[in-house]
Amino acid sequence: MPRWLAIPQFAADLDPKRLTPALAQAALPALLSGAVVGAFLALFGGGGSVLATPLLLYFVGVTDPHVAIGTSAAAVAFNAAANVVGHWRSGRVRWPCAGVFAASGLVGSFLGSSLAKAVDGKRLLVFFALAMAAIALSMLRRPRSEGDPDVRLNFPLAARLAPVGVVTGFAAGFFGIGGGFLIVPGLMAATGMTLACASASSLVSVALFGAVTSLNYAVSGLVDWPMAGLFVLGGLIGGALGLRGAERLAKHATVARRLFAGLILLVAAYTAWRATN
């Protein structure tokens, strides 16, 4: 059986009797990292997944940048899919618009992740740091809260959504991120939906783009599935806490996003420094 098809069941992989010393040592950092990413992903939709790769590299201890990107894409895809459920129950996901955006971006995410695998690991991290800085700067802008909460998909909307989806999918695949920081404003600009609906609907694309990226990396054996399982478990816990905190954070959303953007800028600077030294 090809290596990439041997995707283990998380429960079996996390059996203490089967854990290698290296994985056992990384278990707690991986769980904590997953919880952090899951919480931010649920709170902000865009930007949360960008911390996954730096956490795997510099906190968990993954040494190969490509493995870190492939593994984080797998974990973020699962966590985003799990977070969609909570937003769906709250009625914030606009499925027709989200579906068109996600479907059009699948080709882009495959092309982007294929190109990234051919780029040197350290150079890829420099590009990744630049993407993180762009994400942080985009989060510093005050998001619009106005919009139509009952937006309906039609042909003109679909025609505007599809090209943006392709470009966003390419960026998400290349950098191994969910791409929510591009998806949210893209959805709002193309459809006129509210920020809350765009953030919730963006998770559909985050999940699909991450799945395509991780499977593309898995074909080359660049996904650590046991590590991804630990990250997912932590992300489920963090996501549940993030969903609860989303309503409480509503009154202070702007301040919170700016603080989070500052954190991403610091991590971007550290990532660039590590990649060039």
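Aromatic rings of Tyr58 and Tyr270 (six-membered ring for Trp) have centroids within the 6.0 Å cut-off, being under it.
With a 4.5 Å cut-off on side-chain heavy atoms, Ile264 and Val267 do not count as touching. In this structure, Phe174 and Leu124 have side chains that are in contact, with non-hydrogen atoms separated by less than 4.5 Å. Annotation: side chain of Leu115 is in contact with side chain of Phe170 (closest heavy-atom distance under 4.5 Å). Side-chain contact between Phe231 and Ser72 is absent, with no heavy atoms from C-beta onward closer than 4.5 Å. Counting heavy atoms from C-beta on, the side chains of Thr191 and Leu161 come closer than 4.5 Å. A 4.5 Å side-chain heavy-atom check between Phe110 and Thr213 finds every atom pair outside the cut-off. Counting heavy atoms from C-beta outward, Val62 and Thr71 have side chains that stay 4.5 Å or more apart. Inter-residue side-chain proximity for Pro54 and Phe128 is flagged as met; some heavy-atom pair is nearer than 4.5 Å.
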Practice task
Go through Met193 and Ser201 one step at a time and tell me if the side-chain contact (heavy atoms from CB on, under 4.5 Å) criterion holds.
Solution key: CA-CA 10 Å; Met193 67 174 63; Ser201 300; 4.2 Å; yes
Exercise for the section: Verify side-chain contact (heavy atoms from CB on, under 4.5 Å) between Ser114 and Asn216, making sure each step is shown before the conclusion. Expected result: CA-CA 7 Å; Ser114 297; Asn216 197 358; 2.8 Å; yes
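Pairing each heavy atom of Lys122 with each of Asn277, the nearest pair is NZ-O, 4.2 Å. Scanning both residues, Ser220 and Lys117, for their nearest heavy atoms gives OG-NZ, 3.0 Å. Residues Leu125 and Ala275 share a closest heavy-atom pair of CB-CB, 3.8 Å. Arg94 and Cys197 make their closest contact through NH2-SG, 3.4 Å (heavy atoms, listed as atom of the first residue, atom of the second, distance). Contact record, Ser214 with Gly70: CB-O, 3.7 Å, taken as the closest heavy-atom pair. Contact detail for Met227 and Ala30: the closest heavy-atom pair is SD-CB, 3.7 Å.
Remark: Arg123 CZ to Thr276 OG1 distance equals 13.0 Å, nearest 0.5 Å. How far CZ of Arg160 is from SG of Cys97: 10.0 Å, rounded to the nearest 0.5 Å. Between the OG1 atom of Thr271 and the CZ atom of Phe127 there is a distance of 14.5 Å, given to the nearest 0.5 Å. The line from OG1 of Thr63 to CG of Leu56 is 11.5 Å long, rounded to the nearest 0.5 Å. Here CG of Leu236 is found 10.5 Å from CG of Leu31. Values are rounded to the nearest 0.5 Å.
Linking ILVMFWY residues whenever their side-chain heavy atoms come closer than 4.5 Å, directly or via other members, places Ile69 and Val67 in the same cluster. Side-chain heavy atoms closer than 4.5 Å link hydrophobic residues (I, L, V, M, F, W, Y) into clusters, and following such links, even through other members, never connects Val126 to Val50. Under the 4.5 Å side-chain heavy-atom criterion for ILVMFWY residues, a single connected hydrophobic cluster contains both Val204 and Leu157. Linking ILVMFWY residues whenever their side-chain heavy atoms come closer than 4.5 Å, directly or via other members, places Val151 and Leu153 in the same cluster. When hydrophobic clusters are built by joining Ile, Leu, Val, Met, Phe, Trp and Tyr residues whose side-chain heavy atoms come closer than 4.5 Å, directly or via intermediates, Val166 is not grouped with Val100.
Across Leu51, Thr53, Val37, a single residue satisfies side chain to side chain contact (heavy atoms under 4.5 Å, CB included) together with Val76, and that is Val37.
Below 30°, between 30° and 60°, or above 60°: for Trp95 and Trp88 the angle between ring planes is above 60°, a perpendicular geometry.
Remark: the backbone N or O of Ala162 is paired with a side-chain donor or acceptor of Ser104 at under 3.5 angstrom.
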